[in-house]
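All remarks here apply to the structure that follows.
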2 protein chains.
Amino acid sequence: MLPENALASAVPDVADLPGAAPRPEETWLRIVQVHDRITRRVDSALHRQHGISLTGFEALRRIAEAPGQRASMGEVAEALGLSRAGVTSTVTRLVTEGFVVRERAADDRRLLHARLTDAGRAKLSEASPTHDGLVTHLLTHLGADAPVVTDALARVSAATRSRR
Amino acid sequence: MLPENALASAVPDVADLPGAAPRPEETWLRIVQVHDRITRRVDSALHRQHGISLTGFEALRRIAEAPGQRASMGEVAEALGLSRAGVTSTVTRLVTEGFVVRERAADDRRLLHARLTDAGRAKLSEASPTHDGLVTHLLTHLGADAPVVTDALARVSAATRSRR
DNA sequence: TGCCAAAGCTTCAAGCCCGTAGTGTTTCGG
DNA sequence: CCGAAACACTACGGGCTTGAAGCTTTGGCA
């Protein structure tokens, strides 16, 4: 059932700079490790230095980048990869913290828009350097491979983009 | 939906040539997307087809690969990137499901070892093809870049290996 | 030899997020 | 005009995190 790598040994590949094809298992392990470690570090840095969660930060950024600095719950959910219920509680938290306000959309009254407050904008520009600096720093070891990695992962991401 | 490259035609964008550096932001986004999507699919497939969680599966596999098919709580925590408390509850669940037994180590009586039962071994070999097959399938789009990606991520992983 | 710090694990509480399911409102097509 | 679809909220059960407290065992050191 599992073809293993029965045919991996056959052909000396052109692009064997870093070696032969690794087992998907190995690749997956690395993705998980990198994701978990960066996530933990960034999340705890945001908590300690700015009293905000990584999810909260990403929501703020997403709303800030939306046209009119407002976005519907569904858009935020889609953008952050959160569930509907998760976005509800995340935005509720942001509202009680004063970073965001909820308002019914004028054109389609089914939608609720989250809009940044001044405090939200301030928090975002305060926390952004921490977030971006850390991510940039932790990914420096990709070095010259960064474009290839980004591109390859983008293909995988696109191929797994799911209805749901 | 996202007009994010609406201005891509105006400026000779850096992201066009494979060799130009993408923003770390972009790379990070791809890592998160790929991780989240694969995790969700594999987890739900394991749940539906084998009634086991991804974390439970990884714990079983880890214990199976340990010398003597037994591992201490700490080893499992380290290997899976879980907290102590998380491992305790994960292993407790596996114990009540009959896949694992806990036993005090003979040489160092501070340690508790988790050891696979026959049912645990059976469940592992039943679920492994599902897990591995899915991971392999979802990562096929890495194509010839797989070695580069794996290697680059391994560097990042090594550089972020933390005490804790 | 005796003692105490450190290691390993568990437990509990609080917090965040998930998925599912059920409810209410609004919109849109037939 | 009416029903299906879309959007969002609430509630519930589950899993994982951190932090703190407590237990047993180990091992170094006086």
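Chain letters run A, B, ... following the sequence lines, proteins first and then strands; every chain starts at 1.
Taking the side chain as every heavy atom from C-beta outward, A:V76 and A:I63 approach each other to under 4.5 Å. Put simply, the side chain of A:V101 does not reach to within 4.5 Å of the side chain of A:V95, judged on heavy atoms. In this structure the side chain of B:H47 never reaches within 4.5 angstrom of the side chain of B:I52, judged on heavy atoms. Contact check for B:I38 versus B:L139: side-chain heavy atoms found under the 4.5 Å cut-off. Side-chain contact check for B:Q33 versus A:T160: every heavy-atom pair is 4.5 Å or farther apart.
Heavy atoms from other residues, nucleotides or ligands lying under 6.0 Å from NE2 of A:H141 number 12 at most.
Here the P atom of nucleotide D:dC7 and the CD atom of A:E78 are 11 Å apart, to the nearest Å. In this structure, B:L80 places its CG atom 15 Å from C1' of D:dT17, rounding to the nearest Å. Regarding A:R109, its CZ atom lies at a distance of 13 Å from the P atom of C:dC28, rounded to whole Å. Between the P atom of C:dG8 and the CG atom of B:D107 lies a distance of 12 Å, rounded to the nearest Å.
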Practice prompt. Mark up nucleotides 9-18 of chain C, 5' to 3', with B wherever a protein heavy atom is under 4.0 angstrom from a base atom, S wherever such an atom reaches only the sugar-phosphate, and - elsewhere.
Written response: SBB----SSS

